[in-house]
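Everything numeric here is computed off the predicted structure, so don't read it as measured data. Indexing begins at 1, ligand by ligand and atom by atom, following the structure's order.
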Amino acid sequence: MIEDLKHLRNKIDAIDDELLELINTRAQLAQEVGRQKSGAVYRPERESQIFTRLQQHNHGPLSQIQIQQLFTEIISACRALEDPFTVAYLGPEGTFSEEAVNKRFGKAVNALPSRSIDEVFRQVESGTANFGVIPVENSTEGAVGRTMDLLLQTPLLICGELELAIHQCLMAKQVDLSKIRKIYSHPQSFAQCHSWLIENLHHLQGIECINAASNADAARLAANDEHAAAIASKKAAEVFGLMLCACNIQDNSNNTTRFLIIGSQAVAPSGRDKTSLVMATSNRPGAVHELLAPLARHQVSMTRLESRPSRANLWDYVFFVDIEGHQQDENVALALQSLRHNATFFKLLGSYPLA
Ligand SMILES: O=C(O)C(=O)C[C@]1(C(=O)O)C=C[C@@H](O)C=C1
């Protein structure tokens with residue numbers, strides 16, 4: 001038995017040695033690619049192709065998610081060797097936006113916490129950060145208005161998207177809930193955990209629910225008060241040294257937020273892409289129908305249509321549209337040409353790999 005174990009561990013050691021060698025050879029090749037290519041280090045289309053291929057080739061026992069996480073870190077380390085870059089996100093440390101940065105870029109990146117969505121755009125526009133990560137819609141709360149308004153004005157492009165399951169946790173300095181007198185969180189998180197709070201904290205009448213600027217801020221406040229708890233991410237509990245009293249307390253188990261990656265580079269086709277644009281048309285019967293007609297004519301699927309006040313004239317709207325395909329695909333290029341021709345306002349926000 002002991003001999004069997006020893007033998008198995010020797011085999012693992014031998015594989016680790018091989019992996020070590022292979023990972024370092026991969027890193028050298030990435031460095032060489034870095035020297036040969038011009039422009040940005042981060043190539044979302046290439047990374048998307050790598051993950052699609054790995055998923056097709058993976059036969060387990062590791063799950064697709066585990067493979068994705070392992071290779072995200074390998075690629076992250078390779079990218080950092082080529083040229084370390086900075087990603088701005090809606091901070092502070094411990095927010096779901098930070099989790100989104102890590103999910104997409106891995107740990108080997110300079111993550112720059114920003115105070116607001118506006119500041120994320122500014123950091124990237126000024127070149128302080130190479131990319132930005134911003135929330136664009138939540139499955140229960142809908143579109144993030146500020147992100148949409150800023151996309152309308154910015155010279156930046158959308159370079160990618162990712163979805164993050166939002167798991168809310170209750171955390172405090174101690175796990176005895178009877179000592180809790182107040183709970184801090186962001187209003188959206190309180191709303192997402194409404195039923196759980198009512199069912200589980202019977203003495204809720206005596207508990208004050210206090211709004212915080214972000215979940216991470218709520219955790220910071222709870223860390224300074226024996227009688228306070230916070231609703232925030234697991235990461236926030238780690239960052240602020242809090243104990244987890246309950247996990248996954250959001251009422252909707254599929255609660256998901258979609259994030260965008262913004263930057264100044266146009267992304268090449270990956271083979272599985274999406275294109276985002278914003279348009280306006282005149283205010284007359286049938287105008288929106290006519291505006292969108294070229295999509296059907298050129299067999300382009302629309303995956304999202306969202307209207308927002310234009311902020312120029314009263315009751316004037318702009319339409320945010322997501323379509324399947326890359327702007328360099330022939331049918332998409334033809335459809336875009338007609339849309340541009342029909343619209344009173346037209347702005348291409350970018351083509352990028354599907355999440
Ligand atoms: O293929 C490239 O352009 C690389 O730089 C290599 C690599 C990788 O590690 O595979 C790293 C960064 C890019 O975002 C894409 C891929």
A.B. asks: Under the ring-ring contact (aromatic ring centres under 6.0 Å, His included) definition, can you give me all pairs with a residue in residues 71-111, not counting sequence neighbours?
C.D. replies: Y42-F105, F85-F105, F85-F131

A.B. asks: Indicate yes or no: does E82 engage R79 in a salt bridge with an N to O separation below 4.0 Å.
C.D. replies: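 Salt bridge flag = no for R79 with E82.
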
A.B. asks: Tell me the closest heavy-atom pair linking V124 and G263, and the distance in Å.
C.D. replies: CG1-CA, 4.0 Å

A.B. asks: Non-hydrogen atoms closer than 4.0 Å to ligand 1: which protein residues do they belong to? List them by chain and number, please.
C.D. replies: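 Contacts of ligand 1 under 4.0 Å: R26, V33, K37, V41, Y42, R43, R46, E47, I50, I75, C78, R79, E82.
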
A.B. asks: Would you list the atom pairs, donor with acceptor, under 3.5 Å between side chains in residues 286-299 and any protein atom, with sequence neighbours excluded?
C.D. replies:
| from | atom 1 | to | atom 2 | distance (Å) |
| --- | --- | --- | --- | --- |
| E290 | OE1 | R284 | NH2 | 3.3 |

A.B. asks: What closest approach, in Å, do E99 and S233 show between heavy atoms, and which atom pair accounts for it?
C.D. replies: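 Closest pair (atom of E99, atom of S233, distance): OE1-CB, 3.7 Å.
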
A.B. asks: Among all residues two or more places apart in sequence or in another chain, which pass the side chain to side chain donor-acceptor pair (under 3.5 Å) test with S185?
C.D. replies: N215

